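Worksheet for the structure shown next.
Computation of the quantities below employed the complete heavy-atom set of this structure, encompassing side-chain atoms and omitting hydrogens, waters and symmetry-equivalent molecules. On a predicted model such as this, the values are computed, not experimentally measured, just so you know. Order of appearance sets the numbers: ligands from 1, and atoms from 1 within every ligand.
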Amino acid sequence: MVEPSCLYVVATPIGNLGDMVPRAIEVLQSVDLIAAEDTRHSKRLMQYFNITTHMVAYHDHSESAQVESLIEKMTGGQSIALISDAGTPLISDPGYRIVDAVLSAGLKVVPIPGASAAIAALSVAGLPSDRFVFEGFLNAKQQARLKQLEGLREETRTVIFYEAPHRLLVCLQDIANIFGPERLVVMARELTKTYETVKRAPAAELAVWVADDSNQQRGECVLVVHGAEKTNDDSSDGKRVFDLLSEELPLKQAAALAAKISGVKKNLLYQYGLDKKGDS
Ligand code: SAM
């Protein structure tokens with residue numbers, strides 16, 4: 001069932017053990033070794049699915065010697081599965097370093113897809129999902145968090161954040177302050193578990209709802225935020241290019257070149273340049 005010298009990146013459930021995919025069970029039973037974020041945590045999963053494969057702890061901050069030892073084992077023909085405490089490894093979880101090292105060693109990496117809280121939340125958020133950004137955890141320190149949010153204020157794609165329960169309320173308040181109270185936010189909490197809650201409301205309203213019910217400040221949570229409204233000004237890219245070029249080139253030349261690069265009409269950019277000149 002498993003190939004030799006191969007690293008399997010195996011997703012595990014984010015709460016409900018019924019979400020474990022059959023192929024994940026087979027692979028975990030068949031590999032020579034499981035590299036787990038926390039072997040004690042994963043013991044329950046292993047017992048539940050009758051998996052007796054030996055586990056070793058793996059973190060991205062593990063010693064290089066440990067990564068090297070895993071690669072050595074794989075070069076010798078062993079197959080290894082990588083798991084994290086829940087969901088898909090590498091998604092705000094350890095794994096990047098070992099996957100990078102395995103590929104750099106010319107060995108094979110195979111995904112065994114399954115649950116990930118970000119995608120599960122997006123799938124029920126009812127927000128535009130054709131393009132989205134995954135931001136992981138917001139910064140724990142408020143000043144840094146506000147700066148991070150300011151950088152995302154104009155982002156037009158749907159934005160996904162992971163959040164720790166004790167920071168959920170302050171984060172919602174910060175989102176309402178920076179993105180505006182009316183920005184639509186979806187809180188997806190305890191997905192696949194007993195107290196699963198998906199609540200969609202404008203940011204300020206959602207913050208008040210969470211503040212009024214301390215139960216909502218418990219458990220694991222994903223925030224999915226509607227992107228900023230797109231401006232109607234489809235010449236903004238051309239203007240940005242023009243601004244850069246006009247620092248070095250005469251107005252006419254900058255307008256012609258910016259028009260070629262961006263597809264925005266030359267005359268429009270030339271007029272924009274004249275107006276700017278007039279303003280200064
Ligand atoms: N690798 C995991 C994945 O694929 O979703 C995420 C690991 S990250 C360390 C943990 C965060 O994921 C939690 O703080 C929470 O934001 C989110 N999360 C995990 N399980 C969740 C669940 N059942 N419901 C809502 N959010 C969850």
- Message: The criterion is ring-ring contact (aromatic ring centres under 6.0 Å, His included); which residues satisfy it with H61, sequence neighbours excluded?
- Response: H59
- Message: Could you go through L45 and L17, starting from their C-alpha distance and side-chain angles, then the distance that decides it, and tell me whether this counts as side-chain contact (heavy atoms from CB on, under 4.5 Å)?
- Response: CA-CA 8 Å; L45 187 80; L17 293 182; 3.5 Å; yes
- Message: If you count every heavy atom of other residues, nucleotides or ligands that lies below 6.0 Å from K193 atom NZ, does the total exceed 12?
- Response: yes
- Query: What does the list of residues with a heavy atom under 4.0 Å from ligand 1 look like, ordered by chain and number?
  - Reply: I14, A86, G87, T88, I91, S92, D93, S116, A117, F137, Y162, E163, A188, E190, L191, K193, E220, C221, V222
- Note on the structure: For residues 108-136, the salt bridge (Lys or Arg N to Asp or Glu O under 4.0 Å) pairs (sequence neighbours left out) are E3-K108
- Task: Keeping to residues at least two apart or across chains, list the salt bridge (Lys or Arg N to Asp or Glu O under 4.0 Å) pairs with something in residues 154-163.
- Result: E155-R157, E163-R167
- Query: Between T192 and N16, do the side chains contain an N or O donor and an N or O acceptor separated by less than 3.5 Å?
  - Reply: no
